[in-house]
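Residue numbering restarts at 1 for every chain, and letters A, B, ... go by the order of the sequence lines.
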Amino acid sequence: MYYQYKKQFQQALVEWYKREKRDLPWRRTCDPYKIWVSEVMLQQTRVDTVIPYYERFLSEFPTLQHLADAEEEKLLKQWEGLGYYSRARNLQAGVREVVENYNSLVPDNRSEISKLKGVGPYTAGAVLSIAYNKAEHAVDGNVMRVLSRVLLIEEDIALPKTKKTFENAVMELIDPMHPSEFNQGLMELGATICTPTSPKCLLCPVREFCTAFNEGQPENLPIKTKKVKMKHIPYDVFVIKNTIGQFLVEKRPAKGLLANMWQFPMVEQVGNADTTNETKLAEQYNLNLLSREKLTSFKHIFSHLTWHIESYSIGCEEQAKLPGNCQWFTAEEMANLPMPVPMQKVWQSYKIETTSL
DNA sequence: AAAACGGGGAC
DNA sequence: GTCCCAGTTTT
């Protein structure tokens, strides 16, 4: 973009942003910690979803120190339902690094802040520009969409190396006097005007600078090729209650899918027979099963795989020897355990089934 | 470079 | 159903 147009573009974007920006909770503060929390929550997650989590999280952990001191169970409980739970663990690890190594001051330069756990190129640039007003790139999906249209960039955004093109473009275009408003303006534009489908070009403050609007078809940008192949896994899930009213739950492994989250015992379905899976359950968990009743069936879609859940209610004698990751809890105790959404659905189904008796 | 990693909303 | 969302880490 020619130099004289660049300054006009910056001014048009920044003035539009100042005028039209949505009133969001994290826009009422410059506290780097709070900006950091908001940016992590917003990764791959919509604004409307984040707002209630953000408010609750910061009232529970108002400072770096509060979060650094938190128990993981309590942290995950706050994150429950938001997804990508490693974000929460990484955020806490990063916060602990800041408390221990940076005197509780979030670093204000890219090389240091990028070393923090969970802080990638985007989050680094977002915190630096928004909290510290540094002229740093913060390239997310919105920015790639907006700039692919404005600058008619036709590289495949599914390829990792393409990100560099957009980071360079931002550094070339960014308003050095208003980095925070410039970066947020690009994202706000992508979220509200320059949307994936049917962009509202007639309302766009920078359409006169937009190559795709003037020459091409904005709706066909950006170009993205990658498609994911979904795996499907059928599971039987069991809500198991012993004779003194406790329920059996297990903690998932510390790595991988839904790490350290709690769940009801589940076994992968092998055939379409029903008794084989129950036998497998009794063996795996060393249980003496008494009764059984069908609960809800549904499918739960993750980003890369689908669980097909069938759930059952089981009565059972209490056993002395349980696998190490298993524990009996009362319903009240269970309420404090972080559980993923599919397990909450099963539990909800159980409660409805039993209260109707 | 590709896959893993949640959940939900919009079309 | 598909896409994608204020992405990062691991393989």
S.K.: Pairs in or reaching into residues 316-344 of chain A: which pass ring pair (Phe, Tyr, Trp, His ring centres under 6.0 Å), with residues at least two apart or in two chains?
M.R.: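 Sorted result for residues 316-344 of chain A: A:W262-A:F329.
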S.K.: Measure CZ/A:R89 against C1'/C:dT9 and give the value in whole Å, please.
M.R.: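 Checked: the CZ to C1' distance equals 12 Å.
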S.K.: Listed by chain and number, what are the salt bridge (charged side-chain N to carboxylate O under 4.0 Å, His left out) partners of A:K345, not counting sequence neighbours?
M.R.: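 For A:K345, no residue satisfies salt bridge (charged side-chain N to carboxylate O under 4.0 Å, His left out) once neighbours in sequence are set aside.
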S.K.: What residues from residues 153-172 of chain A pass a heavy-atom cutoff of under 4.0 Å to DNA chain C?
M.R.: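 Hits under 4.0 Å, by residue number: none.
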S.K.: Expected output is a numbered-order residue list: members of residues 17-30 of chain A with a heavy atom under 4.0 Å from any atom of DNA chain B. What is it?
M.R.: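 Listed by number, there are none.
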S.K.: Restricting to pairs with a member in residues 105-162 of chain A, which pass ring pair (Phe, Tyr, Trp, His ring centres under 6.0 Å), not counting sequence neighbours?
M.R.: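 Qualifying pairs: none.
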S.K.: Kindly write out the residues that satisfy salt bridge (charged side-chain N to carboxylate O under 4.0 Å, His left out) with A:E112, not counting sequence neighbours, or none if the list is empty.
M.R.: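 Once residues adjacent in sequence are excluded, A:E112 has no partner under the salt bridge (charged side-chain N to carboxylate O under 4.0 Å, His left out) criterion.
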S.K.: For residues 13-20 of chain A, which side-chain N or O atoms pair as donor and acceptor with protein atoms under 3.5 Å away, sequence neighbours left out?
M.R.:
residue: A:Y17; atom: OH; partner: A:R27; partner atom: NE; Å: 3.1
residue: A:Y17; atom: OH; partner: A:Q184; partner atom: OE1; Å: 3.0

S.K.: For A:M187 and C:dC4, give me the distance from atom CE to atom P, rounded to whole Å.
M.R.: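 Value for this atom pair: 19 Å.
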S.K.: Only pairs at least two apart or in different chains count here, so list each ring pair (Phe, Tyr, Trp, His ring centres under 6.0 Å) that has a residue in residues 279-305 of chain A.
M.R.: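 Ring pair (Phe, Tyr, Trp, His ring centres under 6.0 Å) check on residues 279-305 of chain A returns A:H300-A:F302, A:F302-A:W307.
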S.K.: Give me each pair satisfying ring pair (Phe, Tyr, Trp, His ring centres under 6.0 Å) with a member in residues 163-194 of chain A, each pair once, sequence neighbours excluded.
M.R.: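 Matches after skipping sequence neighbours: none remain.
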S.K.: Which nucleotide span of DNA chain B, 5' end to 3' end, has atoms closer than 4.0 Å to non-hydrogen atoms of chain A?
M.R.: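 On DNA chain B, the outermost contacted nucleotides are B:dA1 to B:dG8.
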S.K.: Given that A:I130 and A:I301 both sit by DNA chain C, which one's nearest nucleotide is further toward the 5' end?
M.R.: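 First, find each residue's nearest nucleotide; the 5'-ward one identifies A:I301.
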S.K.: Please give me every residue in residues 104-126 of chain A whose heavy atoms get under 4.0 Å of an atom in DNA chain C, ordered by residue number.
M.R.: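 Only A:K117, A:G118, A:V119, A:G120, A:P121, A:Y122, A:T123 qualify.
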S.K.: Any side-chain N or O of A:N142 below 4.0 angstrom from OP1/OP2 of C:dA6?
M.R.: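 So the side chain of A:N142 is within the cut-off, an N or O lying under 4.0 Å from OP1 or OP2 of C:dA6.
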S.K.: Below 4.0 angstrom, which residues in residues 38-64 of chain A have at least one non-hydrogen atom near DNA chain C?
M.R.: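 Per residue number, the list reads A:E39, A:L42, A:Q43, A:Q44, A:R46, A:V47.
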S.K.: Rounded to the nearest Å, what distance is computed from the CG atom of residue A:L82 to the C1' atom of nucleotide C:dA6?
M.R.: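 Value for this atom pair: 13 Å.
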